[in-house]
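Below is one structure, written out as structure tokens; comments come after it.
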Amino acid sequence: MTLHCISKTVVFSTVIAVLAIIGLIVAICTTESLCWQFFLAFLVLVLLYPLTRVPIRSTQEGSIIHIRQLIGHKEFDLRHYESKAIALHQLGGVIRAFGSSAWCYVGIFYSKRMGFYHALHMSNKNLLLLTHRKSGKRYVIDVPDDV
């Protein structure tokens, strides 16, 4: 069963990010200053990380939730996680530690109420908090009401 599919906003934003990365690569190749080359290369990496982690589609098969990303995928076996439906206001004031919240929420975030957690969701609706039973690692993903 498909839980969530890529939105038009994500596609548009991804195209814009790819064009920005291409522009930065051209600038790296044409600039003479080594400092500017390193700075622009850093910007490429900062743009590239969240782009590769964009969640495209979520599916559930039995107790496993599959999240397909632009590059790769993430699987959550619900037998190894405690799951709890949460609302955005329950996260409290959220700070991006290393991630993106421009067109989707990807990366590591910090909240006073939850501490550090990994976000992998495209909207702020129907959020599910997964806490790994052994390591305590937390993930926030978005799923429909029936999961």
Side-chain angles (χ1 to χ4, degrees), residues 1-25 27-28 35-147:
M1 147 171 118
T2 298
L3 304 178
H4 197 82
C5 290
I6 193 166
S7 70
K8 291 178 183 177
T9 305
V10 172
V11 172
F12 179 74
S13 300
T14 303
V15 168
I16 296 296
V18 168
L19 291 174
I21 290 171
I22 291 170
L24 287 172
I25 291 172
I28 290 170
C35 291
W36 274 108
Q37 288 176 344
F38 280 120
F39 176 71
L40 294 172
F42 174 74
L43 286 179
V44 167
L45 292 177
V46 166
L47 283 173
L48 203 54
Y49 171 75
L51 186 63
T52 61
R53 299 294 172 217
V54 170
I56 296 174
R57 181 176 9 130
S58 299
T59 56
Q60 182 176 12
E61 295 174 10
S63 66
I64 299 175
I65 295 177
H66 303 277
I67 298 179
R68 189 65 53 197
Q69 297 169 312
L70 199 59
I71 297 178
H73 68 282
K74 187 81 175 158
E75 292 181 353
F76 297 99
D77 188 343
L78 296 179
R79 295 175 294 185
H80 301 292
Y81 290 89
E82 293 179 24
S83 62
K84 177 183 170 187
I86 59 171
L88 182 63
H89 72 275
Q90 291 175 299
L91 294 175
V94 177
I95 299 170
R96 286 183 307 237
F98 184 74
S100 173
S101 61
W103 61 85
C104 64
Y105 300 85
V106 176
I108 301 171
F109 291 75
Y110 176 79
S111 165
K112 274 188 176 181
R113 294 183 185 162
M114 289 182 34
F116 286 99
Y117 67 92
H118 295 263
L120 195 58
H121 55 96
M122 291 194 288
S123 72
N124 290 326
K125 299 176 184 175
N126 302 323
L127 297 178
L128 184 66
L129 170 64
L130 300 174
T131 305
H132 195 271
R133 295 184 197 276
K134 289 184 181 177
S135 68
K137 200 173 196 180
R138 294 183 185 115
Y139 293 88
V140 175
I141 61 174
D142 58 343
V143 294
D145 297 325
D146 59 345
V147 176

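FYI, the numbering just counts along the sequence from 1.
- In this structure, Ile67 CD1 and Leu120 CG are separated by 4.5 Å, a value rounded to the nearest 0.5 Å.
- Closest heavy-atom contact between Gln37 and Ile28: NE2-O, 3.4 Å.
- Nearest heavy-atom pair across Val140 and Met114 is CG2-CE, 4.0 Å.
- Minimum interatomic distance between His121 and Ile141 (heavy atoms only, all atoms of both residues): CB-C, 3.9 Å.
- In terms of the ring-ring contact (aromatic ring centres under 6.0 Å, His included) criterion, Phe42 has no residue partners (sequence neighbours excluded).
- The side-chain heavy atoms of Leu40 and Leu43, taken from C-beta on, include a pair separated by under 4.5 Å.
- Panel note: side chain Gln60, backbone Gly62; a donor-acceptor pair is recorded below 3.5 Å.
- In this view, Phe38 satisfies the ring-ring contact (aromatic ring centres under 6.0 Å, His included) rule with no residue, not counting sequence neighbours.
- In this structure, the side chain to side chain contact (heavy atoms under 4.5 Å, CB included) partners of Arg68, at least two apart in sequence or on a different chain, are Arg57, His73.
- Between Trp36 and Phe39, the ring planes lie perpendicular to each other; the angle is over 60°, past the 30° to 60° tilted range.
- Scanning both residues, Lys74 and Gln69, for their nearest heavy atoms gives N-OE1, 4.3 Å.
- His132 pairs by the ring-ring contact (aromatic ring centres under 6.0 Å, His included) definition with Tyr81, not counting sequence neighbours.
- Applying the side chain to side chain contact (heavy atoms under 4.5 Å, CB included) test to Ala85 and every residue at least two apart in sequence or in another chain returns nothing.
- The nearest pair of heavy atoms linking Ser58 to Asp142 is OG-O, 4.5 Å.
- Rounding to the nearest 0.5 Å places NE2 of His80 at 8.0 Å from CD1 of Ile64.
- Closest approach of Arg133 and Leu78 over heavy atoms only: NH2-O, 4.0 Å.
- Among residues two or more places apart in sequence or in another chain, the side chain to side chain contact (heavy atoms under 4.5 Å, CB included) test is passed with Ile71 by Thr52.
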